[in-house]
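Down below is the structure, laid out as structure tokens.
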Protein chains: 4
Amino acid sequence: MTPRKPEDFASIRKKSKQSIIKAATKIFAKYGFHNASIVNIAEKANISKGLIYHYFDSKDDLLQSIFSQGFPFFDEILKIDNKDINAIGKIEILLDNFVKSLQDNFEFWKLYQSIVSNPTVSHRLDDFKKYYESVFSPLLFSIFSELYDNKDSVQIQTEVLLFAALMDGVAFDFIIIGEKYPLEAIKKNILKKYKSMQK
Amino acid sequence: MTPRKPEDFASIRKKSKQSIIKAATKIFAKYGFHNASIVNIAEKANISKGLIYHYFDSKDDLLQSIFSQGFPFFDEILKIDNKDINAIGKIEILLDNFVKSLQDNFEFWKLYQSIVSNPTVSHRLDDFKKYYESVFSPLLFSIFSELYDNKDSVQIQTEVLLFAALMDGVAFDFIIIGEKYPLEAIKKNILKKYKSMQK
Amino acid sequence: MTPRKPEDFASIRKKSKQSIIKAATKIFAKYGFHNASIVNIAEKANISKGLIYHYFDSKDDLLQSIFSQGFPFFDEILKIDNKDINAIGKIEILLDNFVKSLQDNFEFWKLYQSIVSNPTVSHRLDDFKKYYESVFSPLLFSIFSELYDNKDSVQIQTEVLLFAALMDGVAFDFIIIGEKYPLEAIKKNILKKYKSMQK
Amino acid sequence: MTPRKPEDFASIRKKSKQSIIKAATKIFAKYGFHNASIVNIAEKANISKGLIYHYFDSKDDLLQSIFSQGFPFFDEILKIDNKDINAIGKIEILLDNFVKSLQDNFEFWKLYQSIVSNPTVSHRLDDFKKYYESVFSPLLFSIFSELYDNKDSVQIQTEVLLFAALMDGVAFDFIIIGEKYPLEAIKKNILKKYKSMQK
DNA sequence: AATGAATGAGGTTTCATTCAT
DNA sequence: AATGAATGAAACCTCATTCAT
């Protein structure tokens, strides 16, 4: 019965928020933002619905918090530790990270997709998308600049968009089709194509 | 003065249904299925909400009717008149048709994307998706079989999935980004890549 | 192509009204007033719903018209041709007529019952009920006055109410239970009871 | 300050549910099931319409709940404490209980009557009617078996139906006519008739 | 921090009624 | 006389949010 110290409260608070975010991600991913009810989420998190409003201002705020917490998922995709590696090597790492993230954070990306396609709610992702743009595009641009060193920047930009479209498309199909989608085979095929282009 | 004839009624029906479907496609695409209200649609179509229920059983039925009417959009993408053309030629036509359809039926495809990503409503697309599978996959399979005639069927299938992912990704990005997305440049780049692989 | 004479129009009009009333009685009896829709009735009568409003002001008016037409059903129950018959004889005829009417005009009485029990619509029956009161009560009063000639008018009135309750109850149960209800056996039993009381 | 305990919630729930059922019984009885709106009921109960849906799944469920709660009303009619009493004594108690219940639970029986006569909703009473059949019929059968010990079972059954019809008819007329209906006088008259038959 | 009772705006749906032809 | 397209009031129901405890 020792009184809790302030940092205990903070940690409890943080833990509670986390468990709500986790439950909400699952429920939003499963039912879609609109069909997921606050009660669903509360049940999944084993708390009362009132408590959700203790931690989040609104259902919208809860959604936004999920994506605020999602930046690390994104960073992991882009993590290339060895800087000395060449362009193809970087693409390989990128693809590896990407496939891994799709599998590990399936629900998060599923939710992301359903939100980004939903015109009314997609502005909730603006920060996330801005961050994505600010980090992902430059990285890809540098990689493809190295890969095709004789091209002009418009052409490089097209290559970047094409690669991005490919990743988005793979993610899209994987999320819709699920486990049966041969992620690994496709990853290898993509890599092979970029390798063959290099020579 | 003379009472309306059955064919008059039929034409009124057809016209009204079409104008509702048109308005609904726009509104659903703009706001998303759940955030679009029947009143929104009625206002867009300049009719009363009651009339919508005169022609469609429910909001769901209206959505389904939109996709039932969407098969032709899909067929147009796959239309390859000249059968004597080679694999690359077919891919080129396919890409041309695809890009054209994305531009011409932007709202339809935007709606399609938001629905397919929406877990709760996506089963409304089952017929559409089945049709897609039954027509699109075989066509791509035959094209890529010709293109890579030394590969086994699993590899061909992977090529098919890759091409499909590429198209889905391009559609995805175009729909999110809009007019600014360089569809034409990307199309040409894709085609160039497949051409270079052929040799 | 001889032009129709005025009386033809009148007769056509009458016939049309009749067929609507007949259909409406069936549909109202089957679904209840509120759950019966004008479209149901129009379909049953093989006409358009608009035409119903040509003949009747409203759904309510249609209901009222059914009961306005129902007086003869009621009169038939009370028809006792031979005036020289004694009280018991009259009761017997009354019961015979009553049972016959329940069977012949089942739907009408079923509708009557559902309306009379429905607080919101029952005032539509006021005329019918008034007529009932004005004709039925005096008749029963005279019969029971004869049957129990030594009783005072309050006692006679109680006998009248009891007999009425018995008939209402039999009708009620018959309508709910349907064909299986042993109307004839019950009729005979009632009659026997009144006969035994006579002595 | 201290949060509410589970038993507090339970008591709030019980109280609220009861007050809704009470209000709903009144409103349904007054306007009929279809003409009674959820808002009417909420106003009568001095709560919001949302709360009704917090406790009941639907308007239909609310109706059914009323009848689920009505079994005790029914049991009270059949309560005959003294088993040593003879058939006539039992009939007397039955009639007393019946008249008392009609007066005490007027609104409930009025609602019952309007529902049982309403073809579309009457199946909501199936449980209630089954219970009625399973309890009421056997009791009456045993009473009339004792009263007319020389009769065969078909005749006894007819007597049972006749008595039931009489009660239904009395209830029917009382509910329609209201306070002015001389329930007591009629009850006495019925009893006298059965007594006179006994000898 | 925690609960769940209570609210009410807003959405879908029904259907009697009107009206142009 | 006849049709059925078109209207809109009114009903049911959902659910994010508030609040007393």
Side-chain angles (χ1 to χ4, degrees), chain A residues 4 9 12-13 16 34-42 47-62, chain B residues 1-6 8-13 15-17 34-42 46-62, chain C residues 4 9 12-13 16 34-42 47-62, chain D residues 1-6 8-13 15-17 34-40 42 46-60 62:
Chain A
R4 278 176 277 199
F9 284 119
I12 287 171
R13 203 180 159 77
S16 293
H34 279 98
N35 279 82
S37 80
I38 293 291
V39 173
N40 289 159
I41 295 167
I47 53 160
S48 73
K49 80 182 146 193
L51 196 54
I52 291 179
Y53 286 89
H54 192 75
Y55 290 110
F56 303 93
D57 290 343
S58 65
K59 195 183 177 185
D60 252 52
D61 181 40
L62 177 50
Chain B
M1 270 309 155
T2 50
R4 277 177 282 201
K5 287 171 228 133
D8 296 334
F9 283 126
S11 101
I12 290 172
R13 277 189 83 77
K15 223 177 120 192
S16 290
K17 270 192 105 163
H34 281 101
N35 279 84
S37 82
I38 291 293
V39 173
N40 290 158
I41 295 168
N46 275 314
I47 48 145
S48 71
K49 70 178 138 54
L51 196 59
I52 294 178
Y53 287 92
H54 187 66
Y55 289 112
F56 303 94
D57 290 343
S58 64
K59 196 182 176 186
D60 251 54
D61 181 41
L62 176 53
Chain C
R4 276 177 277 199
F9 284 117
I12 286 171
R13 204 181 158 77
S16 294
H34 279 98
N35 279 81
S37 80
I38 292 292
V39 173
N40 289 159
I41 294 167
I47 53 160
S48 73
K49 79 180 147 197
L51 195 54
I52 291 179
Y53 285 88
H54 192 75
Y55 289 110
F56 302 93
D57 289 344
S58 65
K59 195 182 177 186
D60 253 53
D61 180 39
L62 177 51
Chain D
M1 269 307 157
T2 50
R4 276 176 281 201
K5 290 172 223 131
D8 295 334
F9 284 126
S11 102
I12 290 172
R13 278 189 81 77
K15 221 175 120 192
S16 289
K17 270 191 104 163
H34 282 101
N35 278 83
S37 82
I38 292 292
V39 173
N40 289 158
N46 275 314
I47 48 146
S48 71
K49 72 176 138 55
L51 196 58
I52 293 177
Y53 288 94
H54 187 67
Y55 290 111
F56 303 94
D57 289 342
S58 64
K59 195 183 177 185
D60 251 53
L62 175 52

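So that the names make sense, note that chain A is the first sequence line, chain B the second, and so on, each numbered from 1.
Taking atom NZ on C/K59 and atom P on E/dT14, their separation rounds to 15 Å, with Å as the unit. Taking atom OH of B/Y53 as the reference point, atom C1' of F/dA11 lies 13 Å away to the nearest angstrom. Whole-Å rounding puts the C/F56 CZ to E/dT18 C1' distance at 18 Å. To the nearest angstrom, C1' of F/dA10 lies 12 Å from NE2 of C/H34. Spacing between atom CD1 of C/I47 and atom C1' of F/dA2 amounts to 9 Å, rounded to whole angstrom units. Between the CZ atom of B/R13 and the C1' atom of F/dA6 there is a distance of 12 Å, rounded to whole Å. Rounded to whole Å, atom C1' of E/dG11 lies 15 Å from atom CG of B/L62. Between B/K49 atom NZ and E/dG10 atom P the separation is 15 Å, expressed in whole Å.
Distance alone, capped at 3.5 Å, is enough to place a donor-acceptor pair between the B/K59 side chain and the B/A36 backbone.
C/N40 CG to C/S37 OG: the interatomic distance, rounded to the nearest 0.5 Å, is 3.5 Å. Rounded to the nearest 0.5 Å, atoms OG (D/S16) and CD1 (D/I52) are 11.0 Å apart. Atom CG of D/L62 sits about 10.0 Å away from atom NZ of D/K17, to the nearest 0.5 Å. Considering NZ of B/K5 and CG of B/D8, their distance stands at 5.5 Å, rounded to 0.5 Å.
Nucleic acid contact for A/L51: base, since at least one base atom lies under 4.0 Å from a heavy atom of the residue. As judged by a 4.0 angstrom heavy-atom cut-off over every strand, C/Y55 is placed among residues touching the sugar-phosphate backbone only. Residue contacts for D/A42: at a heavy-atom cut-off of 4.0 Å it reaches no nucleic acid atom on any strand shown. Within 4.0 Å of B/A10, counting heavy atoms only, lies no atom of the nucleic acid at all. If you check every strand for non-hydrogen atoms under 4.0 Å, D/I38 touches sugar and phosphate atoms only.
Checked by distance alone, B/R4 brings a side-chain donor or acceptor within 3.5 Å of a matching partner on the base of E/dA20. Checked by distance alone, D/K5 brings no side-chain donor or acceptor within 3.5 Å of a matching partner on the base of E/dG4.
Each of C/A36 and A/I52 was assigned the nucleotide of DNA chain E with the nearest heavy atom; the assignment lying further toward the 5' end belongs to A/I52. Toward the 5′ end of DNA chain F lies the nearest nucleotide of D/D57, the other residue of the pair A/G50 and D/D57 mapping further downstream.
For E/dA6, the OP1/OP2 oxygens have no side-chain nitrogen or oxygen of D/H54 closer than 4.0 Å.
Side-chain proximity of C/S16 to F/dA11, F/dA6, F/dA2: nearest is F/dA2. The side chain of D/S48 has E/dA6 as its nearest neighbour among F/dC12, E/dG10, E/dA6. Among the nucleotides F/dA6, F/dT3, E/dA5, the one closest to any side-chain atom of D/F9 is E/dA5.
The partner of F/dT21 is E/dA2, by the rule that a Watson-Crick or G-U pair needs both atom distances under 3.5 Å. In a base pair of the Watson-Crick type (N1 to N3 plus N6-O4 or O6-N4) or a G-U wobble (N1-O2 and O6-N3), with each distance short of 3.5 Å, E/dT13 is matched with F/dA10.
What you find for B/F56 and B/D61 is that their closest heavy atoms are CA-OD2, 3.5 Å.
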